[in-house]
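We name chains A, B, ... by the order of the sequence lines, and we start the count at 1 in each one.
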Amino acid sequence: MITNCHRPVHLEKALDLRGADGPKKLVVAGGTDLMVRLQEVDPEVEIELLLLEGIRELEEISWNEKNIILGAGVKVETIARDEKIFKTFPGLKEAAEQLGSWQVRNLATLGGNICNAAPSGDLLPPLIVYDAKLELTSSKGNRVLPAEDFFLGPGMIDLKEDELLTRILIPLPEKGSGSRYEKFGIREAMEIAIVGVGVGVVLGKEGKVEKARIALGAVAPTPIRVPEGEKIAIGSTLEDNQIKEIIRSAKETARPICDIRSSENYREDLVGILLGRALKKAKERALKKGWGKCK
Amino acid sequence: MKNESRVIGRKVSRIDATEKVTGSFKYPSDLTMPGLLHAVVLRSPHGHAKIEEIESSAAESLEGVIKVFTAKDVSQELFGEIVKDTPIFAREKVRYYGEPVACVLADSEDVARNAIKKIKVKYKTLPEVFDPSEAMKEEAPLIHDNYPGNIAVEKKAERGDVEKAFAECAVIEKDTFTLPYVHQVPLEPNGCIAFVDERGQLNLYTPNQSPAWLRSRLAELFNLDLFQVRVIQIQGGGGFGGKCPLTIEQICVALALDIKRPVRLVNNREEDFYATWGRVPMKIELELGADKSGKLLAKRSRVIADNGAYSNIAPGVLSTALTRIDSLYRLKNVENIGWLVYTNKIPTGMFRGFGNPQITFTVETLIDRLAARLNIDPGEMRKRNAPCAGDVSVHGWNLKSCGLTECIAICMEESNWNWKGPGKMEKGKKVYRGQGLACCIHVAGNRGVYPSFDGSAAEVRIGPDGGVKVLSGEGEIGCGANTTFAQIAAEILGVEMERIQVPEVDSCYSPFGLGAYASRVTAIGGNAVKNAAENALEQLKEEAACLMGLNKEKIIYEEGRFKSGDKTLTFEEVCREGCYSKGGTTIVGKGTYIPQDVTIADKETLYGNISPSYSFGAQLVDLEIDVETGKVKILDFLAVQDLGRVLNPLGAEGQLEGGVIMGIGYALSEELVLGEKGEVINPRYRDYKIPLAIDSPQVRVKFVETNDPVGPFGAKSVGEPALVPTAPAIANAIFNAVGIKVNSLPITPEKMKMELQKKIRELEEKE
Amino acid sequence: MQIKLSINGQKKNVEINPGDTLLKAIRRLGLTGTKEGCGEGECGACTVLLEGLPINSCLYLAFNAQGKDILTIEGLKGKNGLHPIQQAFVEEGAIQCGYCTPGMVLISKALIDRNPHPTEEEIRNSLSGNLCRCTGYVKIVNAVKRVAEGGKRNEK
């Protein structure tokens, strides 16, 4: 049973409440995951809520020469509709627009999706691909963690009891970058990803891959990278036979489970399909941007 | 006749549309009353177990809890439509995960929901059986003592000589099909309010699709005089068959009778999957044969229907699966045997189409396989077998009108139909396209569900104010029946729709009608309303004659005026003066309709003309298959229905469009998945996947008007047949695209991918 | 605890428990046009417009709704009659059982407010958080198209 709601106006107050002694407070951002989970909790358990909605400092988006800085409270719908984000981080936009429904996206936040840490979380593979850094803040100070190090297990994150995720910093892509997020679900919306794949490549002058990042969602307890696949990609021009090798590596890295949505075999199969499509699209985007065309 | 209609055949907005679009319409779950108590059911966590002890004192001591009910507190009678095997609360044992074991009555729903968690029940688990084929074996645990082999019902429908007929076939196709458990998932979960008033009368506010039938079942179950039971139908948020059988009303009523205060019982989404019952799953072995011209000669079917733990309405569903499709074509030799088998699972019930979608899937897919082997266009083959008006089918069905051939022809003409045989897969091709066609027959008012009478009565009441009230017992469950009745009355009386009200069904004043199931409302209810309106008009003519001092025969009524020579009286004038001249009375036009030449099917042989008319349909789908993921995408869908006569294009189109999308869900994504104990693994919209707007094609619909001699203005049915051909059309399109023979539903991407991989391997082996 | 909500241009006091959803609070005020279909944000029957944006009121805390403008279906009709979207729904036959209708109408309004001339794909995409079991969405899409096209569709 919810006994109390705290709704601070400023981040400083939120951090104080977060670090304060006393009854544990459940942090609520958009509430789209939490409000459903709270229905399962025994009504005799007393819970207080720390509501982050409306804290302006958490809703800001700013750009500088190096990064985009997104507040953890930025709504998923905002990300889905931002033209500049689409041009710069298309995979993030693709993930955002496929999350839930329009109603859900108007409530769900970037930070909430991250801290919910569902293995299938849509925004997570792109954040990892873009090498996002998460700023974790308490009243005592800040620390910064690469996104992929934040996820410890399904619903488990490296967040201390007195910390809040406040900002997400994503470095601007280099020249020759191309990226993509591919998701598979039975229906075309409202789906928890059966498999999600994020890919980012940087192509050099001869169209050779100089950098590659691959992140898979819903095929392990957390979103995962495919280090061996990335190594294979580097130096290649992402021809079909090379892609085939990268796919083989990804399938070996993935540890899909069988659940109501899919068998493990089908998930593994989909990793290959989606990764192939994502790599091709990322390559196409990288070639379009190309040398001299990017800012 | 059609060109002269003022209202019939025109686009008319629903008479309740404005209330609904402004949010002022009250649904059953919106109702409240002073002193209302809330009931929440505790359900069994086991598939099969003895109940040893129920300890409810902890629950009862919670603040706000009024009482905890179990089997000992309620009527000990068993109920069920054909087989009476269901208790209100489980007694010595539970037979399915989700069976009601107890119920908490509290002053709020939240308190009641918390309290059920405090009830301690001691169970001793018993061996369970979930698969009907396993349940039929000798060694299977017995679910009901007096039903050996767990067979609730066994039925046959045999005609002609199948052995001889099969021997004459040029081609025979055979397969075993698995049709799944799917649920209606109406947007509004089921719920009702019951109370006993100061006079001792039981009152029930319910969305139940058949108020009259419900009333008689409750009177019988609780040993009440029928006149002491008042049922008021409040239009619910969707039914599709799930709100017809007794599923929660008996619990609500039992509590209300005991506590003598108003009781509200409304399912939440998860409960609705346990508390209202979905489509009867079936395993069907089908054998179908044709001669070399494509004429169907013989059909043999063995149907194992999954009853779940209790019988409910499923015996009727089995009968439908054993007979209905045979009258779609000119088949003369059939041998259909079926068993309804108990399993330790949620009982199965009635869902739009009854048993027709299941059996139609099997026959319509085998027809395409036969056509492929004969190298005959499947559309042409169906036309060759199509019946005509005047035919009497193999089960004695009198097809007074039949537009099947036209429906098929329209489908083929309007869809660039281009059949070239079953698809072949090619190496490296990533996307395949296919077209598929399927047909259906359906009833328009199936005789034999309610034991004693199947007709309908109506009244058209006109007061001195010129207002018209149409009273029918058929009710409105969302399909638009009330609007249809208003249209019929408006047409006959020559008045505008705005003048007409159709009050909700209230057993206090509504005439008899059995309600919305078996697609009976338009044909049977509509005819009663038409007769009542005609009767009212006759009475008005008599009044007009009186007022004009003339003989009734000299009066003409047109465009809202009673005329004779140069004398004219308006509708309003006749109403007012006519009523006042008789002391202020109301004109009460009475009409009844009793379907003629219609019979309950013979219990043993299932032979008999069970419906006053039959409607036909054909559907054609154009789809694309992504070979890599197995996903099927519908590109275009055309549904053509012979519904006799379109009374309201908006209503008829809406029913057909909605049915097709529901059929697409049945074909591609819907299935209630049960776990090891029979628990529902996906009791939520997130994982029970109905089509979304983005998944759904902009369905095209067309109608063939055969002007049936029986239905009002020639109308038949459209609501149920709407989804019957959809899944087989999709399966046939897949066969056309890639040569895969679908024999189970749903065709999920994963399933499709597995079949595609098999085909690709075959292709590679050949090379 | 008592909170004040701004609903359909009016300030209303409502008694809530801290954990109550906005849906619960709205319905407690007798505004039953906003429906509960699932309680989990999966069906859209509880859609309201919060500061003009569609949200699932079953996922939103009533506590958080303080100080924000809420539009429920009851607030859409103007003094001169139905909102054009409501009118289109009525005339196109986009309503059958009607349980999804309030949510559908509000999401359609939000769509047209944001994008006065959406394509069919954009319409279907926007409506995908609203389930309908009766209509197959066809006439709902027609109704929105009609408003998007700014007038009457061709009568058949």
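Across all their heavy atoms, C:Gly41 and A:Val104 have their closest contact at O-CG2, 4.1 Å. Taking both residues in full, the closest heavy atoms of A:Ala189 and C:Ser128 are given as CB-CB, 3.9 Å, listed atom of the first, atom of the second, then distance. When all heavy atoms of C:Pro18 and A:Thr3 are compared, the pair lying nearest together is CG-O, 3.5 Å. Annotation for A:Trp102 and C:Ser126: closest pair CE3-CB, 4.0 Å, computed over non-hydrogen atoms. A pairwise comparison of heavy atoms in C:Phe63 and A:Arg7 identifies O-NH1, 3.4 Å as the closest pair.
A salt bridge does not link C:Glu51 with A:Lys75: none of the charged nitrogens is closer than 4.0 Å to a carboxylate oxygen.
Within 6.0 Å of atom NZ in C:Lys68, more than 12 heavy atoms from other residues, nucleotides or ligands are found, so the atom counts as buried in its surroundings. Shown here is A:Glu12, whose CD atom has no more than 12 heavy atoms of other residues, nucleotides or ligands within 6.0 Å. Around atom CD of C:Gln2, more than 12 heavy atoms belonging to other residues, nucleotides or ligands sit under 6.0 Å away.
In this structure, no portion of C:Leu127 lies under 4.5 Å from any heavy atom of chain A. Neither the backbone nor the side chain of A:Glu188 comes within contact range of chain C; no heavy atoms are under 4.5 Å apart. Residue contact with chain C, scored on non-hydrogen atoms closer than 4.5 Å, is absent for A:Arg37. Interface remark: C:Asn56 contributes backbone and side-chain atoms alike to the contact with chain A (heavy atom separation under 4.5 Å). Proximity to chain C (any heavy atom under 4.5 Å) is shown, for A:Glu97, by neither the backbone nor the side chain.
The main-chain N or O of C:Gly39 is found under 3.5 Å from a side-chain atom of A:Gln39 such that the two form a donor-acceptor pair.
Highest contact tally toward chain A, considering only C:Gly19, C:Gly44, C:Cys58, is held by C:Gly19 [criterion: heavy-atom pairs under 4.5 Å]. Most heavy-atom pairs under 4.5 Å with chain A: of the set C:Asn125, C:Leu50, C:Leu111, this distinction falls to C:Leu111.
Residues C:Leu61 and A:Ile2 form no side-chain contact, since every pair of their non-hydrogen atoms from C-beta on lies 4.5 Å or further apart.
Interatomic distance, C:Ile16 CD1 to A:Cys5 SG, rounded to the nearest 0.5 Å: 7.0 Å. Of the inter-residue distances, the one linking C:Ile55 atom CD1 with A:Leu107 atom CG reads 5.0 Å to the nearest 0.5 angstrom. Here A:Leu38 contributes atom CG and C:Leu59 contributes atom CG; the two are 11.0 Å apart, rounded to the nearest 0.5 Å.
A:Gln103 and C:Asn130 form a side-chain donor-acceptor contact under 3.5 Å, judged by distance and modelled atom types alone.
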